[in-house]
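Please read the structure below before turning to the comments.
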Amino acid sequence: MKYKDTLNLGKTDFPMRGSLPKTEPVRQQKWYDTNLYQQRLTQNENKPHFNLHDGPPYANGNIHLGHALNKISKDIIVRYKNMAGFYAPYVPGWDTHGLPIEQQLTKAGYDRKSMRKADWRNLAKDFALEQVDKQRNDFKRLGIMADWQNPYITLLPEFEAAQVRVFGEMAGKGYIFKGSKPVYWSWSSESALAEAEIEYHDIDSVSLYYANQVKDGKGVLDNDTYFVVWTTTPFTVTASRGITLGPDMTYAVIQPEGETRNFVIATGRLEAIAPLFGWENYKILATYQGQELDRITAYHPWDSETEELVMNADHVTLDSGTGLVHTAPGFGEDDFNVGMKYGLEAFVTVDEKGYMTKNAGPDFEGKFYDDVVGVVINKLKDAQLFLAKEKITHSYPFDWRTKKPIIWRAVPQWFASVEKFRQNILNELDHVTFYPEWGKKRLYNMIRDRGDWVISRQRVWGVPLPIFYAEDQTPIVDQEIINHVADLFEAHGSNYWFEHEAKDLLPDGYTNEHSPNGQFTKEEDIMDVWFDSGSSWAGVMNTRDHLDYPADLYLEGSDQYRGWFNSSLITSVAATGHAPYKNVLSQGFTLDGKGNKMSKSLGNTISPLDVADKMGIEILRLWTISVDTSQDMPVSNEILKQVSESYRKLRNTLRFLMANTTDYNVITDAVPFADRAGHDQYFSVLLNNFIKDIRQSYDNYQFNDIFKRVINFVNVDLSAFYLDIAKDVVYVEAPTGHARRSMQTVFYETLLALTKLLLPILPHTAEEVWEYLPNETLDFAYLSEMPEVQDLGNVTHLLENWSTFMSLRDAVNKALEEARGVELIGKNAEAALTLYVTSEQKALLQNLNADVRLLLMVSQLYIVDANTATADVKSYDGVLIDVKHAVGGVSPRDRMFHEDLGADEAFPELSQHEADIVREFYPEALTEGFE
RNA sequence: GGGCCUGUAGCUCAGUUGGUUAGAGCACUGUGUUGAUAACGCAGGGGUCACAGGUUCGAGUCCUGUCAGGCCCA
């Protein structure tokens with residue numbers, strides 16, 4: 001026979017390489033077929049709950065890296081919690097209403113105007129559900145454990161009904177009111193547009209400079225003073241209500257030569273603008289800061305009934321114009337915002353088709369808005385207020401479908417008054433824990449500074465605003481009626497609203513004093529989609545019995561501070577007085593390898609499904625924990641390659657542990673901690689601490705901390721030390737002997753702990769390992785429990801001793817490396833080592849309770865008194881070490897040098913110790929002999 | 001322009017309340033093994049801590065500004 005046959009070399013079929021792209025889908029299919037998600041939950045039924053509430057992705061388009069990061073992160077947390085003593089359901093969701101889906105229909109050739117709203121909505125619904133299916137399949141390929149059969153979808157009746165009830169609750173508290181606000185208005189398609197429906201082109205237009213005479217100078221300016229304002233949209237002068245100045249900008253009162261009037265203009269624009277008006281010489285009479293002129297009033301250029309208010313806002317710049325901006329709150333967003341602050345109305349003088357209304361006055365009524373420049377100029381000239389006109393070329397928004405220019409125009413809108421409960425929201429934030437901590441500040445500032453929420457949209461694909469109008473157009477916003485509508489939606493879906501008349505949507509016999517004839521109409525606007533997803537706490541957590549409100553955790557990208565974190569908080573505080581979440585975890589965005597954002601146009605995107613196909617989703621999952629997800633994360637093929645190297649190291653280490661525990665039985669062969677060899681005890685302590693640290697990192701959602709610790713543990717503690725010295729024990733010693741069993745016990749504990757601790761991150765690999773563990777009887781590793789931290793007693797001294805030893809080992813390695821350099825030895829086994837030690841060092845080595853020669857992997861070790869060292873003994877890191885070539889001969893079995901080869905006459909090539917093992921465990925060698 | 005955040009070796013990350021020559025893993029180079037072998041061990045090189053000021057006896061760590069990048073607003 002061969003000497004090799006008397007060794008216990010590792011044995012396993014577990015492949016070195018995972019072939020992940022091929023094996024993952026098969027494994028996943030098994031999870032989904034056996035409903036592993038539900039199996040695990042059922043097993044946890046009586047445990048405390050942990051509810052991670054899913055933020056719904058929008059049901060449109062292919063999944064990208066951001067989706068993958070999000071779902072993988074959630075999966076890691078949910079899997080961990082389920083294995084760590086919690087009942088942790090995960091109901092995935094989809095956001096299905098809104099503009100992008102309508103746009104997809106338009107792109108596909110459908111024309112919204114040519115069909116009934118209800119039909120258009122059915123098309124949208126079908127499209128959305130198809131997208132849900134597609135994305136669901138893609139998410140499943142990421143290996144996510146979720147209730148895929150029962151997701152929440154915002155278009156489902158139960159969700160819509162819950163959402164409408166939230167709205168009703170807010171209405172009941174008086175938070176819902178009607179106002180007016182400028183939107184992008186396309187007169188060519190007679191509808192409001194969203195940003196996404198607009199494209200920009202350069203156009204030439206006429207800009208006007210004119211003067212507004214001071215009416216009430218508040219003791220600062222006299223009535224002979226005129227504000228020089230500028231506009232690029234002449235028709236809006238008909239709706240002018242104010243003049244906006246920069247509060248910190250400087251304004252001069254000047255008198256041009258040949259003028260008796262004084263004019264106000266920003267000093268920073270004086271030189272550029274004065275020549276336009278032919279003002280070659282002028283006197284500066286005074287200068288003021290914008291804020292000093294605040295609330296002075298002026299006359300409208302021709303409408304003496306109307307006064308214009310001087311206001312201050314930061315959006316005024318010195319890039320162009322005069323530093324004084326004509327302000328028409330009905331025709332611009334900045335204008336509206338500053339007007340709101342000063343209490344101005346959003347006055348509108350253009351109808352939905354772009355024609356001036358009677359509000360504009362008789363000279364304008366009936367004219368197209370773009371044809372009135374001449375009228376405006378004439379009226380200004382008549383009033384002696386015209387200063388100059390100028391052609392400018394600038395970028396202007398156009399309707400992407402009709403290719404016609406659009407305008408800003410205020411239309412009636414429904415608002416949720418954030419102002420009324422802003423303080424409640426801010427107070428609630430004190431009860432929420434944010435990861436990272438600055439999230440609280442960010443959300444707080446946003447809530448503090450935001451205006452009221454415009455919740456209406458002039459669209460079709462969404463949840464209708466459950467509001468009616470009486471005969472005199474009085475809006476009816478009534479919680480009882482709204483709840484009645486919610487009941488109808490619960491039974492029939494929200495399309496019911498579009499398929500029925502107002503009277504069929506109101507409770508039977510409903511009357512209202514504003515409708516003497518019993519006639520009613522219904523609101524045509526729908527709700528902002530942020531109200532949909534923002535109601536998910538009600539539509540999901542409060543609707544499904546096995547979920548809890550408030551949620552333990554919301555986890556999304558940091559863009560959701562403005563989005564879902566925000567809208568959910570507002571609706572929840574408004575309706576219940578409480579935040580919908582106890583913890584909020586936000587993540588950064590994926591960037592390319594250079595730290596720039598990923599975009600299709602730059603061509604630097606990475607598709608998660610591509611990674612799954614080429615490298616395996618495990619690599620992307622491992623990447624997820626390798627980076628700091630609290631900030632932006634770089635990803636590139638190079639980075640993924642690096643991660644896959646780490647994966648291979650992990651996989652190989654697991655494989656080695658497996659290969660050397662195949663003949664180990666956890667019940668009959670386990671050696672208790674107290675009886676283990678010193679090095680095995682030491683490693684048991686390292687493992688125990690490792691378990692403690694990793695579990696803590698999971699509990700704090702410190703993903704990259706887990707990565708760092710795992711990689712270090714595997715590379716440094718396991719591979720470079722413990723597994724390296726282990727080979728001389730598990731291969732060479734008696735198969736059932738104490739030394740080997742002691743070590744195998746630790747191997748097995750390590751293998752099991754690593755497998756379980758890694759499972760939330762690398763579920764495919766963990767389950768694969770599980771199949772090679774005959775001692776484990778559960779069908780899936782996912783059904784097992786996380787390893788617990790053991791009480792190993794006081795191990796302080798043990799760790800101190802071993803830490804000192806590890807330093808000594810470093811010194812020895814350097815000495816051996818030097819000896820290798822001068823070709824004194826090749827491998828360590830060729831070395832005979834002499835350590836010159838102090839009495840403390842000697843005591844320490846004895847306390848290790850281990851064979852130090854084995855730990856240093858040399859053939860011969862002599863430990864002698866330090867003061868016997870001769871002058872030629874070298875010091876390495878302060879340790880006196882002498883390396884010589886080993887003496888005696890090499891055993892072909894353990895490949896070490898021995899001086900007692902052939903002590904057993906039957907085995908002339910073996911040492912006595914080896915011969916004893918072979919006699920006992922491989923008696924056939926006595927008859928067969930060795931080759 | 002505003003709110004929030006980031007910038008430490010080629011890469012991914014650590015660097016406690018400011019305190020000696022700035023750490024880890026990977027990658028790289030050299031080398032040993034060939035019984036973890038499309039593996040494994042050992043050793044080594046590599047950083048003016050984005051830049052510029054300031055506070056301090058002393059700053060990667062605190063302050064200010066600049067540059068670069070990200071999210072959200074305007």
Side-chain angles (χ1 to χ4, degrees), chain A residues 2-4 7-12 14 16-17 246 313-317 319 333-334 337 436 438-446 448-450 557-563 565-566 586-598 622-623 625-628 630-636 638-646 648-649 651-660 703-705 707-716 718-721 723-728 730-732 809-810 812-821 823 825-830 857 893-895:
Chain A
K2 295 176 182 168
Y3 285 109
K4 201 170 172 176
L7 293 169
N8 322 294
L9 297 178
K11 237 185 301 185
T12 180
F14 186 85
M16 274 187 99
R17 299 162 81 204
D314 290 324
H315 67 262
V316 180
T317 68
D319 297 342
E333 185 154 47
D334 284 336
N337 289 333
W438 52 255
K440 183 178 201 152
K441 202 177 359 173
R442 186 164 174 185
L443 191 48
Y444 187 97
N445 289 349
M446 273 183 192
R448 185 192 58 195
D449 297 334
R450 71 165 292 158
S558 59
D559 55 335
Q560 298 304 328
Y561 284 106
R562 168 54 70 182
F565 295 154
N566 201 297
S586 79
Q587 301 189 320
F589 276 66
T590 53
L591 308 175
D592 71 10
K594 291 178 188 135
N596 291 313
K597 76 187 286 178
M598 286 195 166
L622 192 56
W623 167 82
I625 68 152
S626 77
V627 290
D628 180 357
S630 74
Q631 11 177 320
D632 295 331
M633 298 144 276
V635 205
S636 64
E638 191 199 337
I639 290 170
L640 288 173
K641 188 162 176 274
Q642 184 186 318
V643 172
S644 71
E645 291 297 322
S646 298
R648 287 172 63 180
K649 180 71 184 184
R651 188 178 170 90
N652 246 294
T653 305
L654 291 168
R655 181 173 179 271
F656 184 84
L657 290 170
M658 242 180 283
N660 288 290
F703 291 170
N704 67 327
D705 201 49
F707 182 79
K708 194 177 56 188
R709 287 181 191 282
V710 167
I711 295 300
N712 261 296
F713 182 72
V714 166
N715 279 295
V716 181
L718 264 178
S719 193
F721 173 62
L723 298 188
D724 210 31
I725 64 158
K727 286 176 257 189
D728 288 328
V730 290
Y731 290 173
V732 175
R809 182 173 174 268
D810 286 341
V812 167
N813 276 336
K814 280 176 193 157
L816 290 170
E817 191 60 23
E818 195 171 296
R820 230 188 314 275
E823 293 182 357
I825 60 166
K827 53 180 177 176
N828 282 16
E830 288 173 33
M857 300 170 65
R893 183 173 173 278
D894 72 0
R895 294 177 178 172

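Chain letters run A, B, ... following the sequence lines, proteins first and then strands; every chain starts at 1.
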Is [N] paired to anything, Watson-Crick or G-U wobble with both distances less than 3.5 Å, and if yes, which nucleotide?
N     : value
B:G53 : B:C63
B:A68 : B:U6
B:C28 : B:G44
B:A36 : none

First encountered from the 5' end of RNA chain B, between A:Lys814 and A:Gly439
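It is A:Gly439 whose nearest nucleotide is closer to the 5' end.
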Are the charged groups of A:Asp810 and A:Lys814 less than 4.0 angstrom apart, N to O?
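A:Lys814 and A:Asp810: not salt-bridged.
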Which nucleotides of nucleotides 30-37 of chain B have their base under 4.0 Å from a protein heavy atom (B), which only their sugar-phosphate (S), and which neither (-), written as one string 5' to 3'?
BSSSSBBS
When you check every protein heavy atom under 4.0 Å of nucleotides 66-74 of chain B, what one-letter string (B, S, -) results, 5' to 3'?
---SSBSSS
State whether the side chain of A:Asp632 and the backbone N or O of A:Phe589 hold a donor-acceptor pair below 3.5 Å, judged by distance alone.
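Looks like yes, one N/O pair under 3.5 Å.
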Taking atom [atom1] in both [N] and [M], compute the distance separating them and give it to the nearest angstrom.
N     : M     : atom1 : result
B:C5  : B:A24 : C1'   : 25 Å
B:A9  : B:G47 : P     : 10 Å
B:G45 : B:A38 : C1'   : 27 Å
B:U33 : B:G41 : C1'   : 8 Å

Selection from B:C13, B:A38, B:G10 that lies nearest to any side-chain heavy atom of A:Arg648:
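That would be B:A38.
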Side-chain donor/acceptor contact of A:Gln642 with base of B:C11 under 3.5 Å
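Checked by distance alone, the answer is yes.
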